[in-house]
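FYI, the numbering just counts along the sequence from 1.
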Amino acid sequence: MASAAAVGALALTMVSCAESERGEGGGGEGGGGESTFTFGAAGAPEMFDPLYATDGETFRVTRQMFQGLLGIEPGSAEVIPELATEWTSNEEGTEWTFTLRDDVTFHDGEPFNAEAVCANFERMYDQNEAGRVAAEYWGYVMGSFSDDPDGSLYQGCEAADEFEAVVTISRSTSGFPTMLTLASLVMQSPAAMEAGDANGIEAQGEGFAFPEYAQNPVGTGPFKFVEYDQADGTVSLEAFDDYWGDAPASSELVFRVIPDESTRRQELEAGSIDGYDFPNPADWSGLEESGNSVEVRDPFNIFYLGLNPEANPQLKDLKVRQALYHALNREQLVQTQLPEGAEVATQFMPSTVSGYNTELAAYEHDPQRARQLLQEAGAEGMTLTFAYPTEVSRPYMPDPQQLYEALRTNLEEVGINVDVKTASWNGGYLDNVTAGKYDAYLLGWTGDYDSAFNFVGTFFGNLKENDFGTEVMPWGKQLADDLQAADAVVDEDERAAAFEEINRQIMEEYLPGLPISHSPPALVVGPDVEGLIPSPLTAEEFSTVSVGGQ
């Protein structure tokens, strides 16, 4: 019987046998535009090394500079070739051979080849203590780092030929090699990483001190890094003349950090920026009447209230977690705070993902039941340290403060004392969540690709590396083991059924967090902008975008 990975390989090989459709010109052939595309970013990037990034605002920038072995077809969730032209596996699905493009160079002029691929994998795998905390995506998908080889999915990489790299993994999984489309697992210049001490990350207070390389990134993408002016809040990129594909439609790409959504709209109307993400749903019609284009993406996300029983032991009690859920008036929240097309969530994934359990009903808003459960648990009048992020808008969370105030009001109505905490998105909030500083917090997730494991596996599949404190729960290890087992099931229907059962258990028996909603996020561009391809993954690539027909 073929492994799950081998089955995935069969489907992917149908795509990978053809060359990428990104362009065969190489060296910038096909010409490029002279325009500058200026985008209003909702938050500041933390730094520019994708391995250590965890947030969409950082990835929005790095996605324009870096590429992976596999990519995502613009405008869809389909896996396509990128720096690898094809890939195959052995029967067990544990040894993967990647045939590489032979016309790619890094922005520093260094060659891209199999040795560079292996240098990247080994660099990601071999992290110090701070790096093992910061490199969350690697931890999520690979399980562990070089300090724990037995727990690692990644086992090694060999350059079999100049343009043929062989990656070995410990077991078959439906997630490999699709996980190589992740924005964190892209290819970076080994020479630049060595010169900039890329792995020299250090813990600093509640966050990290990043090495020089993290401010001087070097990839293979259509744009290369110019500078980050923190005082001015701008990141500047320019077209890479030796890019292997079609030359970018704009010669320059600028990101202006504008945390306030209303200010982003004013800047667009004034012509100071050419587009921005997450416009207020109430503004969509007005923006379009002004001649702008509002592009509404399909919802492929989950917004949730995370819970941490390590920070607050009262949250170990299922009745307490159920009480919190019954306290939330999510239907009203969706109707009043989220865009048209948003839905109340019944589980930690959207309905379009295989493994979604259609039998699960939404928890009802029932304040009386919430008070009763709190009384039964001896948790009446409990205090909850509850946090939300500032200076950011997210696809699932367009206005964090408004959403927070609505949920906070619901909790206080059933007698819960809320200790309000805030921090800016990349100024401590994400680090504080990872460090377990909050009892409860608002976060969400936009899928990286169409996979149940990419949702629930990311949240709960790694017992030691998750933000829900499942390591202290009696069912935490069982849930992690069940997720790993479901991910390895060969038959697609059986795998879907396994995830449906896990989703039932998560919602009815475990309830590690509280799924809130799914939202269709939008982005808006001015009337002179052409070539934008909206992504359901909110993973737009701007190389096709031009301004004013230039």
Spell out, as yes or no, whether a donor-acceptor pair under 3.5 Å connects the side chain of [X] to the backbone of [Y].
{"X": "R321", "Y": "G513", "answer": "no"}
{"X": "D439", "Y": "F386", "answer": "no"}
{"X": "N462", "Y": "G139", "answer": "yes"}
{"X": "S250", "Y": "V545", "answer": "yes"}
{"X": "R330", "Y": "E343", "answer": "no"}
{"X": "E73", "Y": "I80", "answer": "no"}
{"X": "S184", "Y": "P50", "answer": "yes"}
{"X": "R297", "Y": "S535", "answer": "yes"}
{"X": "S519", "Y": "A342", "answer": "no"}
{"X": "N503", "Y": "F499", "answer": "yes"}

Could you state the interatomic distance from [atom1] ([X]) to [atom2] ([Y]), rounded to the nearest 0.5 Å?
{"X": "L511", "Y": "Y363", "atom1": "CG", "atom2": "OH", "result": "4.5 Å"}
{"X": "L333", "Y": "F303", "atom1": "CG", "atom2": "CZ", "result": "6.5 Å"}
{"X": "E405", "Y": "Y388", "atom1": "CD", "atom2": "OH", "result": "6.0 Å"}
{"X": "D431", "Y": "Q204", "atom1": "CG", "atom2": "CD", "result": "10.5 Å"}
{"X": "K319", "Y": "Q314", "atom1": "NZ", "atom2": "CD", "result": "14.5 Å"}
{"X": "L307", "Y": "L384", "atom1": "CG", "atom2": "CG", "result": "7.5 Å"}

Do [X] and [Y] make a side-chain contact, defined as non-hydrogen atoms from C-beta onward lying under 4.5 Å apart?
{"X": "V141", "Y": "T173", "answer": "no"}
{"X": "P520", "Y": "P339", "answer": "yes"}
{"X": "S517", "Y": "Y396", "answer": "no"}
{"X": "L374", "Y": "I416", "answer": "yes"}
{"X": "S174", "Y": "R495", "answer": "yes"}
{"X": "L328", "Y": "L411", "answer": "yes"}
{"X": "M382", "Y": "N312", "answer": "yes"}
{"X": "V472", "Y": "K316", "answer": "yes"}

Exercise. Might you confirm whether atom CG of D298 has over 12 heavy atoms from other residues, nucleotides or ligands at distances under 6.0 Å?
Key: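 For D298, atom CG is not crowded (no more than 12 foreign heavy atoms under 6.0 Å).
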Quiz item: Under 6.0 Å from the CD atom of E376, do we count more than 12 heavy atoms belonging to anything else shown?
Solution: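 More than 12 heavy atoms, drawn from other residues, nucleotides or ligands, come within 6.0 Å of this atom.
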Quiz item: Among pairs that include at least one residue of residues 349-360, which meet side-chain hydrogen bond (donor to acceptor under 3.5 Å, both in side chains), considering only residues two or more places apart or in two chains?
Solution: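 Output for this query lists T346-Y356.
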Run the ring-centre check on [X] versus [Y] and record whether the distance is less than 6.0 Å.
{"X": "F59", "Y": "F66", "answer": "no"}
{"X": "Y140", "Y": "F453", "answer": "no"}
{"X": "Y510", "Y": "F460", "answer": "no"}
{"X": "Y137", "Y": "W445", "answer": "yes"}
{"X": "Y228", "Y": "F48", "answer": "yes"}

Closest contact, heavy atoms only, [X] versus [Y]:
{"X": "T54", "Y": "A134", "value": "CG2-O, 4.3 Å"}
{"X": "S144", "Y": "G151", "value": "OG-C, 3.0 Å"}
{"X": "T446", "Y": "P536", "value": "CG2-O, 4.1 Å"}
{"X": "G469", "Y": "E310", "value": "CA-OE1, 3.7 Å"}
{"X": "A249", "Y": "S546", "value": "O-CB, 3.8 Å"}
{"X": "M349", "Y": "A452", "value": "CE-CB, 3.5 Å"}

Quiz item: Going through the distances and angles, do E57 and R60 end up as a salt bridge (Lys or Arg N to Asp or Glu O under 4.0 Å)?
Solution: CA-CA 5 Å; E57 293 306 325; R60 191 194 305 280; 3.1 Å; yes
Exercise. Carefully, step by step, assess M179 and Y449 under the rule side-chain contact (heavy atoms from CB on, under 4.5 Å).
Key: CA-CA 8 Å; M179 64 178 62; Y449 43 84; 3.6 Å; yes
Practice problem: Would you check, one step at a time, whether the test salt bridge (Lys or Arg N to Asp or Glu O under 4.0 Å) holds for E267 with R264? | Solution: CA-CA 5 Å; E267 296 286 349; R264 292 198 295 275; over 6 Å; no
Quiz item: Checking side-chain contact (heavy atoms from CB on, under 4.5 Å) for the pair L430/L443: CA distance, chi angles, key distance, verdict?
Solution: CA-CA 9 Å; L430 293 175; L443 260 184; 4.0 Å; yes
So, [X] and [Y]: side-chain donor and acceptor under 3.5 Å apart, yes or no?
{"X": "R265", "Y": "Y276", "result": "no"}
{"X": "T434", "Y": "E136", "result": "yes"}
{"X": "D448", "Y": "N454", "result": "yes"}
{"X": "N292", "Y": "S290", "result": "no"}

Quiz item: Is the F459 ring parallel, tilted or perpendicular to the Y304 ring (thresholds 30°, 60°)?
Solution: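 Perpendicular: the ring planes of F459 and Y304 meet at over 60°.
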Quiz item: M397 and side chain to side chain contact (heavy atoms under 4.5 Å, CB included): which partner among N301, L442, L338?
Solution: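 Among the candidates, only L442 passes.
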Exercise. Only one of D277, I258, V61 passes side chain to side chain contact (heavy atoms under 4.5 Å, CB included) with F39; say which it is.
Key: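 Checked D277, I258, V61 against F39; only one passes side chain to side chain contact (heavy atoms under 4.5 Å, CB included): D277.
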Exercise. Go through F542 and L532 one step at a time and tell me if the side-chain contact (heavy atoms from CB on, under 4.5 Å) criterion holds.
Key: CA-CA 7 Å; F542 293 148; L532 177 69; 3.9 Å; yes
Practice problem: Quick one: do E509 and R504 satisfy salt bridge (Lys or Arg N to Asp or Glu O under 4.0 Å)? Show the steps, please. | Solution: CA-CA 8 Å; E509 300 175 20; R504 185 199 64 76; 2.9 Å; yes
Quiz item: Between Q368 and Q372, does a side-chain hydrogen bond (donor to acceptor under 3.5 Å, both in side chains) hold up when you go through it step by step?
Solution: CA-CA 6 Å; Q368 183 176 351; Q372 179 184 350; 5.9 Å; no
Practice problem: Apply side-chain contact (heavy atoms from CB on, under 4.5 Å) to the pair S543 and F223, showing each step before the final yes or no. | Solution: CA-CA 8 Å; S543 62; F223 291 96; 4.2 Å; yes
